[in-house]
Amino acid sequence: QVQLVESGGGLVQAGGSLRLSCAASGRAFSSYDMGWFRQAPGKEREFVATVSDRGGRLYYADSVKGRFTISRDNAKNTGFLQMNSLRPEDTAVYYCAASTRVGVNKTPREYQYWGPGTQVTVSS
């Protein structure tokens, strides 16, 4: 198993940036694909980005492509989500997740492990 904890959320003005971190403990972080999801009030949890276990494959939701960058440092058991040009519609609780499933994982049910989430609020 792996345990995940997000950090780095907060309040930022539109156009600003935040960098989220996901600290992993337990089983080797490099064994998992990692994903970021977000959930706004009254909405379903939605895919943001994912990176393969060794970092070679990256995928993004169309809504964040060109603004967000997912990365990971397996030596430090940490994943990241750099968020630039933030918009009010990016406001949500952001979750990191880990998956043992082989393939491109873009839905919540494909991830077995989740962090508690971190709030990101973008003011207009």
Side-chain angles (χ1 to χ4, degrees):
Q1 286 191 349
V2 64
Q3 292 77 44
L4 306 171
V5 179
E6 305 90 342
S7 61
L11 173 64
V12 64
Q13 289 188 333
S17 298
L18 283 174
R19 189 191 196 203
L20 304 184
S21 298
C22 175
S25 60
R27 185 181 168 188
F29 183 54
S30 59
S31 301
Y32 301 89
D33 285 6
M34 185 189 73
W36 286 94
F37 289 77
R38 65 187 183 186
Q39 189 166 18
K43 294 188 177 181
E44 293 187 352
R45 192 167 298 190
E46 66 171 355
F47 169 75
V48 174
T50 185
V51 58
S52 58
D53 54 359
R54 305 294 179 178
R57 290 181 287 111
L58 311 174
Y59 296 92
Y60 296 92
D62 288 343
S63 59
V64 306
K65 202 171 293 183
R67 300 188 298 124
F68 291 11
T69 302
I70 189 172
S71 61
R72 63 191 298 163
D73 184 341
N74 286 342
K76 296 183 178 179
N77 291 332
T78 305
F80 304 97
L81 184 69
Q82 177 67 42
M83 305 186 296
N84 299 328
S85 301
L86 283 162
R87 304 167 180 169
E89 54 263 39
D90 295 319
T91 295
V93 177
Y94 282 71
Y95 300 90
C96 71
S99 175
T100 59
R101 182 183 177 275
V102 176
V104 180
N105 302 306
K106 294 185 178 180
T107 64
R109 62 182 179 180
E110 293 169 324
Y111 289 80
Q112 295 81 38
Y113 305 101
W114 292 84
T118 186
Q119 176 71 46
V120 171
T121 303
V122 184
S123 64
S124 58

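Just the heavy atoms: all of them, side chains too, but no hydrogens, waters or symmetry mates, feed the values below. Just so it is clear, the model here is predicted, and its values are computed rather than measured.
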* Please say whether more than 12 non-hydrogen atoms of neighbouring residues, nucleotides or ligands are located less than 6.0 Å from NZ in Lys43. => no
* Asked: With a cut-off of under 6.0 Å to the ring centre and 45° to the axis, is Arg72 in cation-pi contact with Phe80?
  -> no
* So Gln119 and Thr91, side-chain contact (heavy atoms from CB on, under 4.5 Å) or not? Walk me through it. -> CA-CA 8 Å; Gln119 176 71 46; Thr91 295; 4.0 Å; yes
* Same cluster (ILVMFWY, side-chain, under 4.5 Å), Phe29 and Val51 -> yes
* What pair of heavy atoms forms the shortest contact from Ser21 to Thr78, and how long is it? -> CB-CG2, 4.3 Å
* Show the numbers, then the answer: is there a ring pair (Phe, Tyr, Trp, His ring centres under 6.0 Å) between Tyr113 and Tyr32? => CA-CA 10 Å; Tyr113 305 101; Tyr32 301 89; 5.7 Å; yes
* To do: Step through it carefully: locate the ring centre of Trp36, locate the ring centre of Phe47, and say whether they are under 6.0 Å apart.
  => no
* Asked: Leu86 and Tyr95: same hydrophobic cluster, using ILVMFWY side-chain contacts below 4.5 Å?
  -> no
* To do: Consider only side-chain N and O atoms of Ser30 and Asp53, and report whether a donor and an acceptor are under 3.5 Å apart.
  => no
* To do: Flag yes if Trp114 and Val5 sit in one hydrophobic cluster, no otherwise; membership is Ile, Leu, Val, Met, Phe, Trp, Tyr, and two members link when side-chain heavy atoms are under 4.5 Å apart.
  => no
* Where the side chain of Thr50 meets the backbone of Met34, is there a donor-acceptor pair that is under 3.5 Å apart? -> yes
* Asked: Any side-chain heavy-atom pair from Asp33 and Arg57 closer than 4.5 angstrom?
  -> yes
* **Under 3.5 Å donor-acceptor, Gln112 side chain and Thr100 backbone** => yes
* To do: Please name the pair of heavy atoms, one in Pro88 and one in Ala14, separated by the smallest distance, quoted to 0.1 Å.
  => CD-CB, 4.1 Å
* Tell me, do Phe68 and Asn84 make a side-chain contact under 4.5 Å, heavy atoms counted? -> no
* To do: Just grab all the salt bridge (Lys or Arg N to Asp or Glu O under 4.0 Å) pairs involving residues 7-26, residues at least two apart or on different chains.
  => none
* **Check: Thr121 side chain, Leu11 main-chain N or O, donor-acceptor pair, under 3.5 Å** => no
* Does Arg67 have any side-chain contact (heavy atoms from CB on, under 4.5 Å) partners at least two apart in sequence or in another chain, and if so, which? -> Val64, Ser85, Arg87, Asp90
* Considering only heavy atoms from C-beta outward, does the side chain of Leu81 approach that of Thr69 to under 4.5 Å? -> no
* **Summary of salt bridge (Lys or Arg N to Asp or Glu O under 4.0 Å) pairs that have at least one residue in residues 96-117, sequence neighbours excluded** => Arg101-Glu110
* Treating Ile, Leu, Val, Met, Phe, Trp and Tyr as nodes and any side-chain heavy-atom pair under 4.5 angstrom as an edge, say whether Leu20 and Val2 lie in one connected cluster. => no
* Apply the test side-chain contact (heavy atoms from CB on, under 4.5 Å) to residues Ser17 and Met83: give CA-CA distance (whole Å), side-chain angles for both, the deciding distance (0.1 Å), then the verdict. => CA-CA 5 Å; Ser17 298; Met83 305 186 296; over 6 Å; no
* Kindly give the heavy-atom pair with the smallest separation between Cys96 and Glu6, and that separation in Å. => N-OE2, 2.9 Å
* Asked: Is it the case that one hydrophobic cluster holds both Tyr111 and Val93, taking links as side-chain heavy atoms less than 4.5 Å apart, direct or via other members?
  -> yes
* Structure fact -> The reported gap from SG in Cys22 to CG in Leu4 (rounded to nearest 0.5 angstrom) is 4.5 Å
* Given Tyr60 and Val48, is the side-chain contact (heavy atoms from CB on, under 4.5 Å) satisfied, shown in steps? -> CA-CA 6 Å; Tyr60 296 92; Val48 174; 6.0 Å; no
* Structure fact -> The reported gap from CD in Gln39 to CD in Glu44 (rounded to nearest 0.5 angstrom) is 8.5 Å
* Strictly under 6.0 Å, is that where the ring centroids of Tyr94 and Phe37 end up? -> no
